[in-house]
Amino acid sequence: MMLNVEPHEYFGVLSRANGIRIAIHPPEVAPNPHRYGVTIIPGQHNQIKITKTSIEQTPRPYTQCLNDDQTLHFIHEHFYIDTDNKPVIGYSYTYLLCRKHCIQSMMLKECQCVDDYVLDAPVCSFVDTKHSKNNTACAKNIRQMLIANESCRVCLPRCKRVKYHMSTSQSIWPSLTFFGHLLMYFIKTFSSSPWSWLEGGLIGVCQRANVCNENAFFMGTLLQDDRFKMALLEEFKAKITSVTISFDSMEVTKAEESPKYHWQNLLSNIGGTSGLWLGMSLLTIFELIEFIWYLIHREHLVCKLVYKVYNSLRNKRKGET
């Protein structure tokens, strides 16, 4: 696919570079191109190969993560729920989305604005206006404080999640020989406005290349001018990029976590060690318990009999006196 980066739409001080950020994610998971995306720039053909990894961790007490039931309970407890019993965040629960929601909720409480679109709330203004004041300093302080104090510890990753890993390769695009075919494609596909992506259209390119003449309005004449074609190619490379996204392999890498040591292993090890060093087995242990109980019960009976004989002799002596 071909993408237009539209550099004329960028803000001066906020836009340090031209390009597009691409992130691959499951449809139910909120995109996070800032953290998990790759950047592509105009004038290149970008080949993106993706591989899928499925991660399954064991829940508590082995790993600090949330299974599906715990995730649903967590959403009901910590996120706003609408009338359809769905979280208003609109996406499936993830650790990063939980962190964002936590930070934005605190920011909304302290600064009366947010700097992300996780919550439906006023966005912090970068400048002082008649209707709003500059809240970026307050929002920045809240974010830094929460990150430094490792707040939002209630957020935990899901035990089952899917990740896509991307590998990229680039080449210069388009080549001079292919550019002519690309222009014909634009003319045939976008016959009503094939040059809408150009600032000022063909005449604007013509004027910037200083090749305008009385025949400037005739397409055939312009496309035969080498200087115009080179100027048009430079304009194209400055605005348009090409991307191909495909799976590197249809195989899915599955990372599954399981306990290394179960309580059954503990009992087996205790029994094996006892049998090796003490010659004991489970049957011997029960016999030992039975023998101890027999001794205790026997001693109890003996003591009881001695006490009874003692009382009998004492009563007899009292009767004689």
Side-chain angles (χ1 to χ4, degrees), residues 1-25 30-48 90-91 96-97 100 103-104 107 111 113-144 166 168-175 178-179 182-183 185-186 189-190 192-210 212 228-245:
M1 62 180 172
M2 289 183 291
L3 302 174
N4 186 357
V5 301
E6 299 181 343
H8 58 281
E9 298 287 345
Y10 288 27
F11 292 100
V13 68
L14 300 178
S15 305
R16 301 180 181 180
N18 294 342
I20 295 175
R21 194 82 174 162
I22 293 181
I24 308 295
H25 60 93
N32 194 341
H34 176 71
R35 185 160 185 171
Y36 295 119
V38 295
T39 302
I40 61 175
I41 63 176
Q44 289 184 348
H45 174 69
N46 302 270
Q47 183 85 14
I48 300 178
Y91 291 100
L96 289 178
L97 189 60
K100 279 188 175 183
I103 293 175
Q104 298 303 312
M107 195 177 296
C111 308
C113 67
V114 296
D115 62 356
D116 206 328
Y117 293 97
V118 176
L119 299 179
D120 185 13
V123 180
C124 297
S125 175
F126 290 94
V127 294
D128 291 320
T129 63
K130 182 179 180 181
H131 302 287
S132 63
K133 63 178 182 178
N134 189 343
N135 305 102
T136 53
C138 174
K140 184 178 180 180
N141 291 335
I142 292 295
R143 180 178 290 274
Q144 290 179 347
M166 294 181 286
T168 61
S169 59
Q170 298 84 22
S171 60
I172 298 176
W173 179 88
S175 63
F178 178 70
F179 185 58
L182 201 57
L183 291 179
Y185 168 79
F186 269 84
T189 307
F190 310 102
S192 59
S193 56
W195 314 113
S196 58
W197 52 275
L198 289 171
E199 188 176 353
L202 287 179
I203 301 304
V205 178
C206 173
Q207 293 173 349
R208 288 190 290 273
N210 295 323
C212 288
F228 176 78
K229 289 178 66 175
M230 292 303 298
L232 189 60
L233 178 60
E234 293 302 320
E235 292 266 352
F236 192 90
K237 287 185 175 182
K239 297 177 182 292
I240 309 297
T241 183
S242 172
V243 186
T244 301
I245 303 175

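Scope of the values below: all heavy atoms of this structure, side chains included, with no hydrogens, waters or symmetry mates.
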Side chain to side chain donor-acceptor pair (under 3.5 Å) between Q104 and D115, intermediate numbers included
CA-CA 7 Å; Q104 298 303 312; D115 62 356; 2.8 Å; yes
Could you go step by step and tell me if I41 and Q170 meet the side chain to side chain contact (heavy atoms under 4.5 Å, CB included) rule?
CA-CA 10 Å; I41 63 176; Q170 298 84 22; over 6 Å; no
Who are the side chain to side chain donor-acceptor pair (under 3.5 Å) partners of [X], not counting sequence neighbours?
X	value
E234	none
Q44	none
S169	none
N46	T241

Of all the heavy-atom pairs spanning A23 and M166, show the shortest one and how long it is.
CA-CE, 4.5 Å
For G19 and P42, work out which heavy atoms get closest and say how close.
CA-CD, 4.4 Å
Does [X] reach the side chain of [Y], with side-chain heavy atoms less than 4.5 Å apart?
X	Y	value
R21	Y36	no
Q47	T168	no
F178	L182	yes
K100	N32	yes
I240	W173	yes
V38	I48	yes

Going from CD1 on I22 to CG on L3, what distance comes out if it is rounded to the nearest 0.5 angstrom?
6.0 Å
Under a 3.5 Å distance rule, please check whether Y10 uses its side chain to pair with a backbone N or O of V5 as donor and acceptor.
yes
Apply side chain to side chain contact (heavy atoms under 4.5 Å, CB included) to Y185 and M2, showing your working.
CA-CA 12 Å; Y185 168 79; M2 289 183 291; 3.6 Å; yes
Can you name the salt bridge (charged side-chain N to carboxylate O under 4.0 Å, His left out) partners of K237, sequence neighbours left out?
none
Partners meeting side chain to side chain contact (heavy atoms under 4.5 Å, CB included) with C111 (sequence neighbours left out):
M107, C113, C138, I142
